[in-house]
Structures are given as structure tokens and as C-alpha cells.
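One structure below.
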Amino acid sequence: QAKARGRNGYCFYAPEMSGEGVARLQLETYLRRSIEKNEIFLHYQPQVEIDTGRLIGVEALVRWNHPQLGLVPPARFIPLAEDTGFINQLGQWVLYEACRQMVRWQEAGLTVPKIAVNLSVRQFERGTIGDMVRGILRETGLAPQRLQLEVTESVIMNTGDALAFINDLHAIGVSLAIDDFGTGYSSLAYLKQMPVQTLKIDRSFIKDISTDVNDEAIAIAIIQLGKSMNLSVIAEGVETDQQAAFLRRHGCNHAQGYLYSRPVAPDELLLRWND
Ligand code: C2E
Ligand code: MG
Ligand code: MG
Ligand code: MG
């Protein structure tokens, strides 16, 4: 700290102690306690077949409600959880809870065909991801075919031995989706070797689909790529009928977005989709 002292004896704080740094440290401390304090829960966003409106699955999305801070968006706490390593604990909690919820819905009379759960790159570091998934499926009794794991292109490109992990997960019988597809750098040659079943077109390309010719071209290219690689393609962030019609017209019949439903609590899903 002496080094940070200026000529006049004023103390210049190191960047990590600036207002933002303190807030971050505070957030980190809160986050570490969030699971045991029951502040973490999941919302579920329906995925639908555009043609029929039929429910084809849900995506589990983590929520953090802190008593003082209120709802903290995942965009704020997921990167923090990744930096601190807490994501491993959080990710395990999320996967367990998501699988349990599938069984609860089933018991309440609603069969949700599939649940998608997001994984972070750090969850692959320990090399035990396959064991974790196997263990949770066994404990909850959920059939592996009903679980889909979402990874981004960066998980695939930045995980040493990604192919071995992905193969291990595939062997369990779970399916894999590439999230935010088109926003990262992935090699198509590498992708081709992966036992991946689904591409999720990132919301940023869907947003201006009817006004931006570049986004339109990208969306069409991803749909075509999926077709030629025999993958299913789902569009994220679909908000308007025009976007849905565009997707249908170009051969993408699966969508997720506010047009169909926001992410909702388990009971609300039961109420709205149990017919
Ligand atoms: P994602 O996996 O791409 O999830 C989709 C995000 O888009 C969600 O934001 C969802 O609420 C939002 N969304 C869905 N439909 C629409 C729409 O029509 N319009 C708009 N504007 N947004 C829409 P959310 O829940 O804030 O999550 C943000 C990101 O945080 C996720 O992006 C995912 O990368 C990460 N995340 C969420 N839950 C988990 C988790 O359990 N584990 C990990 N590792 N990451 C998670
Ligand atoms: Mg996702
Ligand atoms: Mg996404
Ligand atoms: Mg995203």
C-alpha cells in the first residue's frame, strides 16, 4: 500500500479496491452464501414447435434473489461465479434441481419432454462432469434422454479435450446443444466430430431478422448448416409473429422467446401447459 501513496501522502487505491471492486467483493461474499440461504431458484422457459405451439421442452435458468439487492441478473453473477469457481457448486445445484423438477412435474401430471441446462466452461475443468451428470440422473431417476446440456462454442473451443468430455456425456445418453450459436468462434471441422444434436441460433441474430439483411443471412445460414449436418435448430429470443413466420418459412420450426413465454416458476408452467 505504501507504493500507492502519492507525494502528498494521499492514498491512491489499487483498482480492485475502487467502488466497483468493493461492490464486487461484497457480491462475491453474498454469492458464496446464496445456496445455503435458499436465495437461488430456477425459472423455466418453454421451447415450442412453431407450427403447433406444442411444448417440446424447457430451459432451466438460474435466479438469485438477495434480500437486500433483490433479483440479481445472471449476466452479473454468472461471470462472478465463473471467476471464483463457485460455478461448480452452483452448476451442480442447478442440474440437480432441474432434474428433480422434471420428476415433480411428471408426478403432477405434466410430461415435459426435455429439460435444457446450461453448463459453464469451468465445469469441465475438473474432468468429473460425466460423473456428476450420471450421479444426478441416478439420484433423481430422470431418464438421460430427457436431459439436454447447453454449452457455448467457447466451451468447445476452450476446453482441453472437449471431445472426450462431450463423448462421455453422449455415452450417458443426454443430448447436447450449442448455445448462442454464431456468436463465438468455432471450427466447423471440429464441430462436425462432436456428437451434438441441436444448434441454438443466438437471440442477437433473431432480433432484427426482418430489417437487417445481414442478420437474416446469418439466421438462414445457420438453419441450412443445421439441416446439412442433421441437427435440430432452435431460435432463441423470438418475440414477434413476424420473426416466427420468417423462421418457419426458412425451415426452423423450433423456438423459444417472449412470444411464447417468459421464463416462469414451476407452478406457472404447470398451470399454463397442463391441458
Ligand atoms: P442463455 O442460456 O442464452 O439463456 C437465454 C436468455 O435469454 C435468458 O436470460 C432468457 O431469459 C433470455 N430470453 C429468452 N427469451 C427472450 C426474448 O424473447 N427476448 C429477450 N430479450 N430475452 C429472452 P437470463 O435468464 O437472464 O440468462 C442469461 C444467461 O445467463 C443465459 O443465456 C446463460 O448463458 C446464463 N445462465 C442462466 N442460467 C444459467 C445456469 O444455470 N448456468 C449457467 N452456467 N449459465 C446460466
Ligand atoms: Mg442457454
Ligand atoms: Mg443462448
Ligand atoms: Mg446467452
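Remember, it's 1-based here, ligands and their atoms both numbered in the order they're listed.
For the Mg ion (ligand 2), the nearest N, O or S atom contributed by Glu59 is named OE2. When distances from the Mg ion (ligand 2) to the N, O or S atoms of Glu150 are compared, OE1 comes out shortest. Looking only at N/O/S atoms, Asp179 comes nearest to the Mg ion (ligand 2) through OD2. Atom OD1 is the N, O or S atom of Asp180 at the shortest distance from the Mg ion (ligand 3).
Ligand 1 lies nowhere less than 4.0 angstrom from a heavy atom belonging to Gly91.
Residue contacts with ligand 1 for Arg262 are absent, since no atom lies close enough (heavy atoms, distance under 4.0 Å). Within the 4.0 Å heavy-atom criterion, neither part of Lys200 lies near ligand 1. Contacts of His43 with ligand 1, taken as heavy-atom pairs under 4.0 Å, are absent altogether. The proximity of Val238 to ligand 1, defined as any non-hydrogen pair under 4.0 Å, is limited to the backbone. Of all the heavy atoms of Gln45, the ones lying under 4.0 Å from any atom of ligand 1 belong exclusively to the side chain. Contacts with ligand 1 closer than 4.0 Å are made by heavy atoms of both the backbone and the side chain of Val62. The proximity of Leu61 to ligand 1, defined as any non-hydrogen pair under 4.0 Å, involves the side chain as well as the backbone.
Other residues, nucleotides and ligands contribute only 12 or fewer heavy atoms inside 6.0 Å of the CG atom of Asn230. Around the NE2 atom of His170, the shell of radius 6.0 Å holds no more than 12 heavy atoms that belong to other residues, nucleotides or ligands. Taking a 6.0 Å sphere around CZ of Arg126, one finds it holds 12 or fewer heavy atoms contributed by other residues, nucleotides or ligands.
In summary, Glu236 places no N/O/S atom under 2.8 Å from the Mg ion (ligand 2), failing the contact criterion.
Side chain of Thr159 to backbone of Ile156: no donor-acceptor contact under 3.5 angstrom is found.
Interface atoms of ligand 1 facing Ile78, defined by a heavy-atom separation under 4.0 Å, are 43 (C), 45 (N), 46 (C). Of all the atoms in ligand 1, the ones that sit under 4.0 Å from a non-hydrogen atom of Gly257 are 15 (N), 18 (O). Atoms of ligand 1 lying under 4.0 Å from at least one heavy atom of Asp179, given by number and element, are 1 (P), 2 (O), 3 (O). Within ligand 1, counting atoms from 1 as listed, the ones closer than 4.0 Å to a heavy atom of Glu239 are 17 (C), 18 (O), 19 (N), 20 (C), 21 (N).
Close N/O approach between Glu82 and ligand 1 is not found [any backbone or side-chain N/O within under 3.5 Å]. Ligand 1 has a nitrogen or oxygen under 3.5 angstrom from a nitrogen or oxygen of Arg63.
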Throw together a table of side-chain donor-acceptor distances under 3.5 angstrom for residues 129-137, partners on residues two or more places apart or in other chains.
{"residue": "Asp131", "atom": "OD1", "partner": "Arg134", "partner atom": "NH2", "Å": "3.2"}
{"residue": "Arg134", "atom": "NH1", "partner": "Asp168", "partner atom": "OD1", "Å": "3.4"}

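Side chain to side chain, Arg146 and Gln106 meet the donor-acceptor criterion of an N or O pair below 3.5 Å. Looking only at atom types and distance, the side chain of Gln26 has no donor-acceptor partner in the side chain of Thr29 under 3.5 Å away.
In the candidate list Glu236, Gln123, Gln243, Arg203, Arg203 is nearest to atom 12 (C) of ligand 1, counting heavy atoms. Nearest-heavy-atom check against atom 42 (N) of ligand 1 across Asn118, Val151, Asp180 picks out Asn118. Proximity annotation for atom 29 (C) of ligand 1: of Pro74, Ala98, Pro46, Pro79, Pro74 comes nearest, heavy atoms only.
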Under the side-chain hydrogen bond (donor to acceptor under 3.5 Å, both in side chains) criterion, do Gln148 and Thr198 qualify, and how do the steps go? CA-CA 9 Å; Gln148 179 162 73; Thr198 303; 3.1 Å; yes
Can you list the steps and then say if Glu59 with Gln45 is a side-chain hydrogen bond (donor to acceptor under 3.5 Å, both in side chains)? CA-CA 5 Å; Glu59 178 176 5; Gln45 188 174 38; over 6 Å; no
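No side-chain heavy atom of Lys192 sits under 4.5 Å from any side-chain heavy atom of Ser187.
Relative ring orientation between Trp64 and His66 is described as perpendicular, the plane-to-plane angle rising above 60° on a 0-90° scale split at 30° and 60°.
Between Trp105 and Tyr44, the distance from one ring center to the other falls under 6.0 angstrom.
Counting all heavy atoms, side chain and backbone alike, Thr240 lies closest to Leu259 at O-CD2, 3.4 Å.
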